[in-house]
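Report on the following structure.
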2 protein chains.
Amino acid sequence: MKKIRVDLGKIQYDIVIGTDLLNQIDTFIKGFDFEPKCGIITDTNVNALYGTTLKKILESSGFECIIFQVPAGESTKSLETATGLIDQLMENKFNRHTPVIALGGGLINDLAGFVSAVYMRGLPLIQVPTTLMAQVDSSIGGKVGVNYNNNKNMLGTFYQPKLIISDLNVLKSLPKQELSSGFAEVVKYGMILDKSFFEYLETNHKLLTDQDEGFLEYIVSTSSEFKARVIERDVRDETGIRAVLNYGHTIGHALESVSDYKGYLHGEAVAVGMAYAAKISSRLELMEQADVQRQNQLLHSNGLNLNIGDIDPAGLIKAMDFDKKQREAGVVRFILTEGIGKAKLMDGISLELIHEVLGGTIEL
Amino acid sequence: MKKIRVDLGKIQYDIVIGTDLLNQIDTFIKGFDFEPKCGIITDTNVNALYGTTLKKILESSGFECIIFQVPAGESTKSLETATGLIDQLMENKFNRHTPVIALGGGLINDLAGFVSAVYMRGLPLIQVPTTLMAQVDSSIGGKVGVNYNNNKNMLGTFYQPKLIISDLNVLKSLPKQELSSGFAEVVKYGMILDKSFFEYLETNHKLLTDQDEGFLEYIVSTSSEFKARVIERDVRDETGIRAVLNYGHTIGHALESVSDYKGYLHGEAVAVGMAYAAKISSRLELMEQADVQRQNQLLHSNGLNLNIGDIDPAGLIKAMDFDKKQREAGVVRFILTEGIGKAKLMDGISLELIHEVLGGTIEL
């Protein structure tokens with residue numbers, strides 16, 4: 001088992017990573033001064049796999065435990081679902097000492113996190129991410145929220161959990177496509193922060209399909225550590241430090257948006273975004289073509305498609321989140337890489353260049 | 001002009017206190033890297049007094065400025081009003097760099113603060129408290145929220161402003177009763193934290209009715225400083241340090257609750273709570289009767305009634321916010337004072353004693 005301490009000054013918590021942690025969840029929770037009662041917020045899919053088991057373990061160690069189940073799928077991430085959960089917490093007399101366990105992928109992390117953040121100004125939150133994506137990225141950093149009026153993550157806040165438990169066993173139930181999606185974010189950390197980690201992934205990535213425990217523990221703990229160190233320096237995403245985590249995301253988010261959050265898993269869209277961002281880096285002579293190829297090969301050989309296909313570049317650019325004034329001036333801020341392992345927040349990237357690059361294809 | 005720095009580690013901001021600050025609001029706001037656009041969230045009463053003036057000042061210095069007006073009154077502090085405001089912010093394309101000015105008393109501070117906290121995970125917030133209560137207490141500390149399903153402040157979070165502007169001029173438009181209500185919190189700081197400040201109030205309190213600028217600046221800045229120093233040590237109200245600020249509030253909140261938030265201004269209820277809390281302190285021989293008298297005299301001579309009248313003590317105790325287990329055991333935690341200037345969080349106070357004291361009257 002690995003333990004990573006996240007130190008945000010006045011708030012500190014651990015990420016624990018290892019195999020078979022869900023079966024020991026009671027021992028983790030007993031370390032806090034909680035009421036002997038808890039709620040599990042989860043979706044129908046995850047509940048069928050782990051909900052009852054978790055509830056039994058908690059009950060056998062003296063916790064009253066209530067499962068609050070929501071439908072799986074993006075439409076669940078709404079203010080209506082959130083207030084529905086809040087109503088149920090109120091009916092069950094939850095108070096500021098009753099913990100909520102968010103059991104699921106990114107959607108559940110965001111939704112249950114938001115509910116925990118605003119209920120009586122904050123319930124103790126335990127994140128139990130059940131996808132590789134959530135373990136290496138979305139459960140860490142405190143971003144919680146729901147969609148509103150067709151705007152993704154429109155309502156939200158920053159709220160830190162008391163603990164994150166990343167059990168590697170649960171990754172075994174994931175479809176291959178979900179693993180690949182999470183792996184895109186893992187590769188991203190290598191590209192933006194650490195060349196030697198990237199090279200480790202190049203050498204060992206076949207162990208992902210084998211679900212090799214040592215490999216999984218290493219990539220989840222290293223990724224968690226990377227993300228923790230970045231957010232520690234920019235908790236509320238204000239200084240630009242945290243922006244490097246969005247490598248591949250400017251295009252990726254736009255792809256998800258124009259395809260109405262249906263065509264791509266998040267990491268699949270990010271992989272495409274990384275491929276095109278690398279092409280821009282190469283065109284600006286920030287990165288050698290050989291390094292671009294290495295990134296793309298690593299993504300592609302893990303089942304990630306890198307071409308945007310027949311999506312219109314102009315529509316995609318319109319969906320990108322740029323500063324209004326910069327967009328009007330035709331030159332925007334973009335997250336690029338100067339070779340493998342080094343992200344750079346670049347100003348003055350022309351929309352024309354982005355448009356041109358998006359019009360081309362990614363060669364492997 | 002006085003300036004008090006609030007240092008919460010990664011987040012820091014100023015409270016500025018002085019006369020005629022509203023007329024200089026543009027200079028304060030220009031110090032930040034905001035878009036030249038802002039929203040003013042205010043209620044009908046305050047808008048009639050200061051809304052248009054503020055808008056004109058901001059517009060004449062190049063800000064686009066939109067007033068979002070809500071009805072005055074407790075029923076406005078709802079999730080429906082909050083989402084209504086959010087809808088308007090979205091229509092007007094507010095983003096994370098567009099500031100919101102909360103212009104009003106505690107209700108507007110809470111409501112506009114909540115909207116700012118959750119809109120895109122946080123808009124820059126400028127608090128402009130317009131009551132003595134809001135200037136010395138409710139605008140400071142980051143507690144924001146709305147009522148929900150008949151539960152006071154049920155949904156909320158902790159969200160810190162970029163700046164608090166306490167203009168003493170606006171206090172001139174307050175009814176006497178509002179000033180007295182705010183003054184109860186000022187006396188509270190003396191009782192829990194600083195005997196010499198209490199004695200200053202005893203000597204000079206008549207200057208309150210005269211609206212003496214020096215006196216107002218001193219009590220607002222000293223109170224702000226007291227509150228800032230307490231919240232710095234307990235930002236999320238978790239360690240018990242912040243609990244001392246609730247002196248007089250256990251009974252006060254219960255009084256407000258049983259009277260359906262209609263019979264008392266907040267400070268009026270707190271004053272009653274302080275009188276009965278002091279009586280408990282005296283019964284436990286923590287405080288001399290002479291000090292109890294001094295507190296009560298100071299409150300009473302500023303127009304604050306200290307008796308609960310014909311309210312049933314049992315019902316009042318039922319409405320108090322005690323730990324469930326402690327309540328069942330009949331002995332609870334209560335904030336008392338050991339003489340003037342020294343609060344003490346006491347465990348083991350019997351409900352029987354509280355009941356008995358509440359059954360009696362406060363003699364002056």
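Keep in mind it's a predicted model, so treat the numbers as computed, not measured. Just so we're on the same page: letters track the sequence lines, and every chain starts at 1.
- For chain A, the option among B:G145, B:G156, B:G122, B:G9 with the highest count of heavy-atom pairs below 4.5 Å is B:G156.
- Of the two parts of B:R96, only the side chain, counted from C-beta on, holds a non-hydrogen atom closer than 4.5 Å to a non-hydrogen atom of chain A.
- Of residues 76-94 of chain A, those residues with a non-hydrogen atom less than 4.5 Å from any non-hydrogen atom of chain B are, in numerical order, A:L79, A:T83, A:I86, A:D87, A:M90.
- The shortest distance between side-chain heavy atoms of B:E256 and B:H249 does not fall below 4.5 Å.
- Not one N or O on the side chain of A:E35 forms a donor-acceptor pair closer than 3.5 Å with the backbone of A:H97.
- The pair B:E328-B:K325 does not meet the salt-bridge criterion, since no charged nitrogen lies less than 4.0 angstrom from a carboxylate oxygen.
- Inter-residue side-chain proximity for B:L8 and B:E232 is flagged as met; some heavy-atom pair is nearer than 4.5 Å.
- Contact of A:Y148 with chain B is made through backbone and side chain together, with heavy-atom distances under 4.5 Å.
- Between B:D237 and A:R121 no salt bridge is recorded (no basic side-chain N to carboxylate O distance below 4.0 Å).
- By the 6.0 Å contact criterion, NZ on A:K143 is enclosed, its count of non-hydrogen atoms from other residues, nucleotides or ligands being greater than 12.
- Under the 4.0 Å criterion applied to side-chain N and carboxylate O atoms, B:E74 and B:K152 are assigned as salt-bridge partners.
- Comparing A:V144, A:T157, A:N95 by heavy-atom pairs within less than 4.5 Å of chain B, the highest count is held by A:T157.
- The aromatic rings of B:F32 and B:F34 sit parallel to each other, their planes meeting at less than 30°, with 60° as the upper class boundary.
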